[in-house]
Amino acid sequence: MDSIKIKEHMDRQPVLLKANMSLAAAVEELLGKNKLGAPVVDDSGALIGFLSQQDCLAVMLKSSYHCDMVAVVKDCMRSDVLWVGPDDSVLQLAEQMLGLKPKIYPVVAEGKVVGTINRTNILSAINTYMQQCYLTPA
């Protein structure tokens with residue numbers, strides 16, 4: 001199972017956010033694409049942060065009291081982002097996800113975000129592997 005690579009199961013068309021975009025626009029992107037979060041990239045596509053729906057909640061709640069949404073992504077994003085490479089092991093990431101780690105990881109190759117992988121992708125990969133176990137005669 002260690003041979004199952006992240007690149008085989010990652011989302012190759014992730015939502016990518018920019019640090020200077022309005023939080024309102026970022027939330028629209030996340031909701032429109034049904035994503036729990038997205039990497040924040042600079043103009044060259046390099047990872048500079050991550051914004052989750054949870055990160056947006058507190059800011060939006062506070063803004064709703066005053067009906068003023070002036071925040072931008074860089075005000076709310078986390079800059080200490082855990083990420084993986086496309087050739088990393090699905091199994092190792094699954095083990096890491098058992099702890100209090102993120103649900104979504106940016107996939108970075110040659111300094112640029114090339115995708116994302118989440119718990120659903122990992123569970124699907126393991127499920128596919130397990131189904132092959134039952135189909136192969138012992």
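Below, each value reflects all heavy atoms present in this structure, side chains not excepted, and no hydrogens, waters or symmetry copies.
Contact between Pro14 and Thr116 at its shortest, heavy atoms only, is CB-CG2, 3.6 Å. Nearest heavy-atom pair across Pro106 and Phe50 is CG-CD1, 3.9 Å.
Cluster membership for Leu36 and Tyr105, using ILVMFWY side-chain heavy atoms within less than 4.5 angstrom, is not shared. Criterion: ILVMFWY side-chain heavy atoms under 4.5 Å apart, direct or through other members. Under it, Ile117 and Ile104 are not part of a common hydrophobic cluster. Leu57 and Leu31 sit in two unconnected hydrophobic clusters of ILVMFWY residues. Membership requires side-chain heavy atoms under 4.5 Å apart, directly or through other members. Linking ILVMFWY side-chain heavy atoms closer than 4.5 Å, directly or via other members, places Val41 and Val81 in a single hydrophobic cluster. Met130 and Ile122 fall within the same hydrophobic cluster, where Ile, Leu, Val, Met, Phe, Trp and Tyr residues are linked whenever their side-chain heavy atoms come under 4.5 Å apart, directly or through other members.
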Should Val113 and Val107 be marked as a side chain to side chain contact (heavy atoms under 4.5 Å, CB included) after you check the CA-CA gap, both sets of side-chain angles, and the distance that decides it? CA-CA 6 Å; Val113 175; Val107 181; over 6 Å; no

Please walk me through it: do Leu93 and Asp88 pass side chain to side chain contact (heavy atoms under 4.5 Å, CB included)? CA-CA 8 Å; Leu93 183 56; Asp88 290 349; over 6 Å; no

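Between the CD atom in Gln92 and the CD1 atom in Ile6 there is a gap of 8.5 Å [rounded to 0.5 Å]. If you take CD on Gln53 and CE on Met60, they are separated by 10.0 Å, rounding to the nearest 0.5 Å. Between atom OG of residue Ser22 and atom CD of residue Glu28 there is a gap of 9.0 Å, rounded to the nearest 0.5 Å. Note: Ser3 OG to Tyr129 OH = 7.5 Å, rounded to the nearest 0.5 Å.
Counting only heavy atoms from C-beta outward, the side chains of Pro39 and Leu17 never approach each other to under 4.5 Å. Residues Arg119 and Met97 are in side-chain contact: their nearest non-hydrogen atoms beyond the backbone lie under 4.5 Å apart. The side-chain heavy atoms of Leu23 and Asp75, taken from C-beta on, include no pair separated by under 4.5 Å. Looking at heavy atoms from C-beta onward, Pro86 lies out of side-chain contact with Lys5 at the 4.5 angstrom threshold. Met10 places a side-chain heavy atom less than 4.5 Å from the side chain of Val114.
Applying the side-chain contact (heavy atoms from CB on, under 4.5 Å) test between Val90 and each of Ile4, Val84, Asn121 identifies Ile4 as the sole match. For the pairing with Met21, the side-chain contact (heavy atoms from CB on, under 4.5 Å) check across Val73, Leu51, Val40, Val72 returns one residue only, Val73.
Of the possible donor and acceptor atoms, none in the side chain of Lys35 sits under 3.5 Å from a partner among the backbone N and O of Val15. The closest donor-acceptor contact from the side chain of Thr128 to the backbone of Ser124 lies under 3.5 Å.
A side-chain donor from one of Asp55 and Ser52 sits under 3.5 Å from a side-chain acceptor of the other.
A salt bridge does not link Asp42 with Lys18: every distance from a Lys NZ or Arg NE/NH1/NH2 to an Asp or Glu carboxylate oxygen is 4.0 Å or more. Electrostatic pairing of Lys7 and Asp87 counts as a salt bridge here, judged by a charged N lying under 4.0 Å from a carboxylate O.
For Glu8, the CD atom is densely surrounded, since the number of other residues' heavy atoms within 6.0 Å is greater than 12. The neighbour count for Asn34 CG, taken as heavy atoms of other residues, nucleotides or ligands under 6.0 Å away, does not exceed 12.
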